[in-house]
Amino acid sequence: MQADKYPFAKELITDTEGNIRKVVIDFSDYQRIVEAIEDKALILAMKEVEGETPLSLDEALAELEKE
């Protein structure tokens with residue numbers, strides 16, 4: 001298998017049967033991927049509470065103390 005067929009892949013590490021087990025990528029590409037995942041999670045979390053009324057700081061702190 002060729003790494004150039006996979007986005008960001010610099011090297012593919014396979015087992016004895018040729019199955020890809022690990023992918024080597026540049027650290028800067030890794031950081032961009034992690035940031036994209038975090039951004040997506042933030043967007044999903046924001047959509048989840050979209051219709052809710054925001055709490056004041058005191059209300060939020062009181063809710064945290066309940067847990």
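For the pair Tyr6 and Ile20, the minimum side-chain heavy-atom distance is below 4.5 Å.
No continuous path of hydrophobic side-chain contacts links Leu42 to Val34 [ILVMFWY only; heavy atoms under 4.5 Å].
Identified under the ring-ring contact (aromatic ring centres under 6.0 Å, His included) test for residues 36-67, with sequence neighbours left out: none. Pairs passing the ring-ring contact (aromatic ring centres under 6.0 Å, His included) check and including a residue from residues 33-67, sequence neighbours excluded, do not occur. Residue pairs that meet the ring-ring contact (aromatic ring centres under 6.0 Å, His included) test with at least one member in residues 41-67, sequence neighbours left out, do not exist here. For residues 32-67, no pair satisfies ring-ring contact (aromatic ring centres under 6.0 Å, His included), with sequence neighbours left out. Residue pairs meeting the salt bridge (Lys or Arg N to Asp or Glu O under 4.0 Å) criterion with at least one member in residues 27-43, sequence neighbours excluded, are Asp29-Arg32.
Here Tyr30 pairs with Phe27 under the ring-ring contact (aromatic ring centres under 6.0 Å, His included) rule; sequence neighbours left out. Every side-chain hydrogen bond (donor to acceptor under 3.5 Å, both in side chains) that Lys66 has, sequence neighbours left out, goes to Glu63.
Taking every heavy atom of both residues into account, Asp26 and Lys10 meet most closely at OD2-CE, 3.1 Å.
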Could you give the side-chain donor-acceptor pairs of residues 45-59 under 3.5 Å, partners two or more places apart or in another chain?
unit_1: Ser56; atom_1: OG; unit_2: Glu59; atom_2: N; d: 3.1
unit_1: Ser56; atom_1: OG; unit_2: Glu59; atom_2: OE1; d: 3.3
unit_1: Glu59; atom_1: OE1; unit_2: Ser56; atom_2: N; d: 2.7

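Membership of the apolar cluster around Val24 extends to Ile13, as traced through chained side-chain contacts below 4.5 Å between ILVMFWY residues.
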